Amino acid sequence: MQKFDLSIVSCEIGSVLIFTKNGICEKIELSNDLYAPSGENIFTAQISEYLSGKRREFDFPVRYSSGPVFEKIWESLKENVPYGKIITYGELAKICNANPRVVGYAMAMNRLPLYIPCHRVVGKNSLGGFNGKNGLKWKEYLLRLEGSI
DNA sequence: CGCGTACATAGCC
DNA sequence: GGCTATGTACGCG
């Protein structure tokens, strides 16, 4: 069994749970419930700054793998969609030579909701979903934070 | 291991 | 407005 170290950053609408192991972030979870802030490290520091609008990008080690196609999509997303910009599933799909549906699925399988800017990926005729209906609140909050809406 | 189904969509009829 | 395409992951037999 893997033993994860849990760090927590709280904000107005909920808390960000950061699961790290050996100094590497392996999982991020967005919760609507408020937790007591825990852990002072580069993860909590950067996310806290990001939620305050001071930081635009994250610079901490992460680890993810759910297939080569998904990694390509996430890499293309980070490279082509900077802070404050949004992209549609179709455009992102065109960049990484995939299909829109695959992109949506890649976002659904994303384990790092904040590090991977999946909240900047929206549908053409709708905002799309985000981490289920539970995280749609977060999506709106993040897009508003970046000034996209 | 092979088949069928579900996905946070886009595009055509 | 409704149906189909296209790729991946997951469940079941």
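Here is the naming used below: chain letters follow the sequence lines, and residue numbers restart at 1 for every chain. Reckoned from all heavy atoms, side chains included, excluding hydrogens, waters and symmetry mates. Computed from a predicted structure; not experimentally measured.
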Problem - Flag side-chain contact, heavy atom, 4.5 Å: A/Phe4 against A/Thr20 - result: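 The answer is no, as the side chains (C-beta and beyond) never meet within the 4.5 Å cut-off.
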Between [N] atom [atom2] and [X] atom [atom1], what is the distance in whole Å?
| X | N | atom1 | atom2 | value |
| --- | --- | --- | --- | --- |
| A/Asn99 | C/dG7 | CG | P | 5 Å |
| A/Tyr105 | C/dT8 | OH | P | 12 Å |
| A/Asn97 | C/dT8 | CG | P | 11 Å |
| A/Tyr89 | C/dA5 | OH | P | 23 Å |
| A/Phe70 | C/dT8 | CZ | P | 8 Å |
| A/Asn110 | C/dA9 | CG | P | 14 Å |
| A/Lys94 | C/dG7 | NZ | P | 17 Å |

Exercise for the section: Provide the distance between the two P atoms, one in C/dG1 and one in B/dA8, to the nearest whole Å. Expected result: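 Going atom to atom, P in each nucleotide, I get 22 Å.
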Problem - A/Phe58 and A/Phe43 aromatic centres sub-6.0 Å - result: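 Between A/Phe43 and A/Phe58, which both carry aromatic rings, the centre distance is not below 6.0 Å.
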Practice task
Step through it carefully: locate the ring centre of A/Trp138, locate the ring centre of A/Phe130, and say whether they are under 6.0 Å apart.
Solution key: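 Between A/Phe130 and A/Trp138, which both carry aromatic rings, the centre distance is not below 6.0 Å.
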Practice task
Tell me what A/Ser126 touches on the nucleic acid: a base, only sugar-phosphate, or nothing, going by heavy atoms under 4.0 Å.
Solution key: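 No contact.
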Practice task
Look at all strands and tell whether A/Ala98 reaches a base, only sugar-phosphate, or nothing, counting heavy atoms closer than 4.0 Å.
Solution key: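 Nothing, no heavy atom under 4.0 Å.
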Completion exercise
Parsed dot-bracket for DNA chain C after applying the Watson-Crick and G-U rules with both distances under 3.5 Å and | for other-strand partners is |||||.|||||||
Handout entry: Ion pair A/Lys54/A/Glu49, N-O distance below 4.0 Å
Key =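 Salt bridge flag = no for A/Glu49 with A/Lys54.
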Exercise for the section: Identify whether the distance between the nearest side-chain nitrogen and carboxylate oxygen of A/Arg120 and A/Glu146 falls below 4.0 Å. Expected result: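 So A/Arg120 pairs with A/Glu146 through a salt bridge.
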Problem - With A/Ile18, the side chain to side chain contact (heavy atoms under 4.5 Å, CB included) member among A/Leu6, A/Ile47, A/Leu112 - result: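 Running side chain to side chain contact (heavy atoms under 4.5 Å, CB included) over A/Leu6, A/Ile47, A/Leu112 with A/Ile18 returns exactly one hit, A/Ile47.
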Problem - Positive for side chain to side chain contact (heavy atoms under 4.5 Å, CB included) with A/Val122, one of A/Ile87, A/Ile149, A/Ile86 - result: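 When A/Ile87, A/Ile149, A/Ile86 are each tested with A/Val122, the side chain to side chain contact (heavy atoms under 4.5 Å, CB included) holds only for A/Ile86.
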Problem - chain A footprint on DNA chain B, 5' to 3' - any atom under 4.0 Å from a heavy atom - result: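 The footprint of chain A covers B/dC7 to B/dG11.
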Exercise for the section: Mind running side-chain hydrogen bond (donor to acceptor under 3.5 Å, both in side chains) on A/Ser7 and A/Asn41 for me, showing each step along the way? Expected result: CA-CA 8 Å; A/Ser7 301; A/Asn41 45 43; 3.2 Å; yes
Practice task
With DNA chain C as reference, determine whether A/Met109 or A/Val102 sits nearer its 5' end, using the nearest nucleotide of each.
Solution key: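 The 5'-side residue here is A/Val102.
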Exercise for the section: Return the 5'-most residue of the pair A/Arg101, A/Pro68 with respect to DNA chain C, ranking by each residue's nearest nucleotide. Expected result: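 Result of the comparison: A/Arg101.
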Practice task
Answer yes or no: is there a donor N or O on one side and an acceptor on the other, between the side chain of A/Gln46 and the main chain of A/Asp59, under 3.5 Å?
Solution key: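 Such a contact is found between A/Gln46 side chain and A/Asp59 backbone.
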